[in-house]
Structures are given as C-alpha cells and as structure tokens.
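Here's the structure, in structure tokens; my notes come after.
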2 protein chains.
Amino acid sequence: MIEDIFKKITEEYSNISAEAMYDWSEKIKIVAYKKRDILVKEGAYSHKFYYIIQGALKAYYRSDDKKITDWFALENDFIPSTTDPIHGRPSSHTIEVLEDSTLVTLDHDDLEALCKKHHDFEHLYRIILSKVIYQLRERIASLQFRTVQQRYDSLIDLYPKIESRVPLGDIASFLGITQETLSRIRASK
Amino acid sequence: MIEDIFKKITEEYSNISAEAMYDWSEKIKIVAYKKRDILVKEGAYSHKFYYIIQGALKAYYRSDDKKITDWFALENDFIPSTTDPIHGRPSSHTIEVLEDSTLVTLDHDDLEALCKKHHDFEHLYRIILSKVIYQLRERIASLQFRTVQQRYDSLIDLYPKIESRVPLGDIASFLGITQETLSRIRASK
DNA sequence: ATAAGAATTTGATTTGGATCAAAACTTTGT
DNA sequence: ACAAAGTTTTGATCCAAATCAAATTCTTAT
C-alpha cells in the first residue's frame with residue numbers, strides 16, 4: 001500500500017533513492033479520519049503535510065466572521081503548509097475533513113529533517129512546490145478576470161465529481177461568490 | 001556588488017556554502033535593461049530566473065486580446081518561472097521591463113544544475129519557492145473576497161511607490177478591475 | 001517646441017452578482 | 001421514523017463595478 005503511494009508520487013514528481021524512501025516511510029503515518037474532523041486549527045503552530053489517498057479536505061480561514069474556503073484537496077492532492085515560511089507565524093487556516101478520508105501525514109519537522117538529510121528528498125519536495133505554484137497561478141488567473149460561469153466550469157473540469165462531494169457553500173466560497181449565485185448558475189444548466 | 005546581493009538573498013532565505021556561492025557567481029549575469037525591453041516572450045521555451053537589483057518588471061499574458069498583468073517585481077523581488085514544471089510547456093507569459101533596470105539573470109538549466117550539484121543551493125531555492133507560495137496565497141485571498149478599495153490599499157502597502165512607477169492600466173489589471181474604476185478610486189482620496 | 005500618440009480622468013448608462021428574505025429539500029441524531 | 005438542524009433553491013431589490021464615450025493631461029519623437 002505504502003509502496004503504491006510512494007511509487008505514484010515519485011513517478012509523477014521526481015525519483016528518490018531507496019534510502020530516502022526508507023527514512024520517509026519511517027516517518028509517515030497513514031491515518032483514517034472521519035467527516036468533520038479538524039486536522040489543523042486556525043492559530044495552531046503544529047502543521048503537518050498531508051497527502052490524500054482517499055477522501056476530501058478543505059482549508060478555510062475566517063474573515064469578518066465568514067469562513068472562506070480557499071483550497072480543496074481530493075485523491076492524490078497535497079495540502080501544503082499555509083504558514084509564512086520566513087516568519088514562522090501560526091496557521092491562519094483550519095483544515096477540515098469533508099468526507100471519511102485516508103491520509104498520509106508527515107510532521108513538518110520530519111519533513112524538514114528529511115530534506116536536510118537527503119538531497120533527493122529535498123529535490124522531490126521542491127518539485128512538488130513548483131507544481132503548487134503553477135496551480136496557484138492558474139487560480140489567480142481564474143479569479144482575476146474570468147466570469148463566474150467560466151470559473152465554475154474550470155473547477156468542474158478539474159474535479160468532475162466535486163458537486164456531490166463538497167457542500168455548495170464551500171464551492172461558492174472557493175469561487176469567490178455567494179451560495180445563491182452558485183445555485184442559480186447550476187440551475188441554468 | 002555581487003557579494004552584497006548574495007548576502008542579501010542568503011540572509012533573507014537560507015545560507016549556502018562558499019563553494020555553492022562560487023559556482024553560483026560563475027553562472028549569473030548582471031544585465032542592464034531599458035524600459036520596454038522584453039525579457040521573455042509568450043510562447044518561448046527559454047526561461048531565465050530573474051532577481052531585480054534595481055528597477056521594475058511586469059509579467060502578463062493575453063486573454064481575449066487583453067493583456068492581463070499578474071505579477072510585478074521591484075527591487076529585491078524574484079520573477080519565478082511561469083511554466084508548468086511537470087509538463088514543461090512554453091511560457092504563457094511575457095515579461096516586460098517597466099523602467100530602466102538592473103537584473104541578475106540565471107539560466108533555467110544552470111539553476112537546475114546548481115540545485116543538482118549543491119544540496120544547500122537547492123534548499124535555498126526551495127525556501128524561495130515557499131515564500132512565493134505564501135505571496136500567491138495572499139494574493140488569492142485578496143482577489144477572492146476583498147473589495148477593490150481593500151485590494152488597492154494592500155498593494156500600496158506592499159509597494160508604496162508603485163503609482164509613480166507603473167502605468168495605471170497595469171495596476172488595474174493586476175487588481176482585476178478596469179482602469180476607469182482604479183482612476184475613480186484614486187480620485188476619491 | 002510642437003504635433004501625434006499614450007495614458008488618465010470624467011460622465012452617463014448598464015449589468016452581474018450581492019443582499020435580504022423565505023420556502024423547499026436533505027441530513028443527522030435520538 | 002421523526003423532529004431539529006443544516007443546505008439548497010427561488011424571488012425581489014439594490015449596488016459596485018463594467019462598459020461605452022468623450023475630454024483632458026502626460027510622453028515621446030522629430
């Protein structure tokens with residue numbers, strides 16, 4: 001099982017030595033979570049790195065008492081750290097489980113230690129971050145000038161089944177619109 | 001001069017060995033560019049990594065014949081690669097010089113080679129990317145639910161003198177609004 | 001120094017999506 | 001299986017920002 005996951009990750013991003021893989025496997029945990037479990041609470045310093053084997057998560061923060069969802073993660077996605085890497089402030093985000101999920105978790109400190117010990121592991125992680133940057137830029141493009149309809153369509157493109165797995169309110173929030181507007185867009189199809 | 005730049009970068013992000021620094025210094029070029037010079041053209045495969053010593057750049061892409069600016073870089077900023085790291089497609093962005101500028105340039109291939117040769121260099125680069133991710137998430141937060149006025153204010157906060165250095169149309173585009181709206185916001189102060 | 005072209009401002013009008021309110025449907029726990 | 005709570009839909013109204021249009025100011029090249 002673990003082998004399959006490692007294989008999937010390293011094939012997609014970058015290969016690592018058997019040694020690095022062994023050390024990595026020592027540190028990760030595979031954990032099952034239940035719907036509505038909170039993985040990270042706003043304000044917490046501890047932050048793990050999550051990879052989703054099966055299930056769905058969201059990350060949100062609070063602004064004017066509204067919960068704003070700005071990241072979903074489904075199968076084979078990562079949830080990257082939300083903290084400022086330079087100043088090391090606490091997490092501004094809460095990460096919540098949206099459906100019963102199986103995750104690979106790795107402590108932030110262990111991740112740093114693996115990066116320090118194994119050059120190839122740090123390389124792998126660097127490539128993963130490059131991918132995250134690319135995704136974030138896509139998302140900015142989407143928010144910057146596309147219509148609500150276009151943004152909705154590309155989300156469905158990326159996650160075809162998200163509608164049945166994630167509450168409409170969270171999807172609306174992610175798209176930067178109200179629930180009512182999303183409901184109407186959906187109805188017009 | 002080069003020493004000052006290296007010092008600035010490594011102090012802010014992460015230290016590297018004298019050896020890595022030497023190899024790095026062999027590969028970079030310090031180049032002066034003129035206003036309106038194009039550093040990277042949409043569709044190009046070659047992509048350098050830029051660090052701005054003095055001056056200002058913008059990155060934009062085209063959508064429905066409009067130029068959409070989605071990144072500014074001023075002194076001490078980086079322009080990260082805009083290409084998909086996994087699939088290696090050509091750049092979707094054009095990078096243009098906004099005022100006479102002095103830049104540090106590093107070829108993408110040299111950057112990769114330095115990362116491969118020196119673990120500490122790859123570490124430095126990884127930390128830089130983490131910072132970029134943090135900035136991008138801030139920007140998404142800004143676009144997702146803040147009012148135009150709030151977005152404008154935080155841009156001025158980040159780059160106090162941007163108004164006099166960057167055309168209004170580009171700033172408007174970056175904020176995801178029209179020129180006219182930005183002009184009115186400005187007038188209301 | 002001046003004309004041509006760019007960039008910015010100002011004005012009038014329209015519109016996409018927000019807000020407020022309430023009804024209909026779904027999920028959850030006992 | 002049912003009540004209570006949570007989610008989604010539908011309706012009416014309003015407003016921030018877009019669009020279209022034209023006037024003004026700033027830049028640049030000759």
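Quick note on labels: first sequence line is chain A, next is B, and so on, each numbered from 1.
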### Task
Calculate the interatomic distance between A/L168 atom CG and C/dT27 atom C1'; express it in whole Å.
15 Å
### Message
Would a single hydrophobic cluster contain both A/L158 and A/I156, if residues Ile, Leu, Val, Met, Phe, Trp and Tyr are joined by side-chain heavy-atom contacts under 4.5 Å?
### Response
yes
### Length of the line joining A/I171:CD1 and D/dT7:C1', which is rounded to integer Å
12 Å
### Query
Among all residues two or more places apart in sequence or in another chain, which pass the salt bridge (charged side-chain N to carboxylate O under 4.0 Å, His left out) test with A/K34?
A/D100
### Query
Quick one: what's the B/S/- string for nucleotides 24-30 of chain D, heavy-atom cutoff under 4.0 Å, read 5' to 3'?
----S--
### Message
Generate the contact string for nucleotides 15-21 of chain C. Rules: B means base contact, S means sugar-phosphate contact only, - means no protein heavy atom under 4.0 Å.
### Response
--SSBB-
### Query
Would a line drawn from the ring center of B/Y50 to the ring center of B/Y33 be shorter than 6.0 Å?
no
### Message
Looking at A/T102 and A/A32, would you say the former's side chain and the latter's main chain have a donor-acceptor pair under 3.5 Å?
### Response
no
### Message
Tell me the interatomic distance from B/K67, atom NZ, to C/dA7, atom C1', rounded to whole angstroms.
### Response
14 Å
### Task
Please answer: with hydrophobic residues joined when any side-chain heavy atoms are less than 4.5 Å apart, are A/Y60 and A/L39 in the same cluster?
no
#### Entry: Exercise: do A/N76 and A/Y51 side chains pair donor with acceptor under 3.5 Å
yes
### Message
Report for the helix from C/dA1-D/dT30 to C/dT30-D/dA1: angle between first-end and last-end helix axes, five pairs each, rounded to 10 degrees.
### Response
60°
### Query
When clusters are formed by joining ILVMFWY residues with side-chain heavy atoms under 4.5 Å apart, either directly or through shared neighbours, do A/L143 and B/F145 land in the same one?
no
### Task
Output all residues satisfying ring pair (Phe, Tyr, Trp, His ring centres under 6.0 Å) with B/Y61, sequence neighbours left out; order by chain, then residue number.
B/H93
### Task
Quick one: which residue pairs count as a salt bridge (charged side-chain N to carboxylate O under 4.0 Å, His left out) with a foot in residues 17-26 of chain A, not counting sequence neighbours?
A/D23-A/K117
### Query
B/F174 and B/I68: same hydrophobic cluster, using ILVMFWY side-chain contacts below 4.5 Å?
no
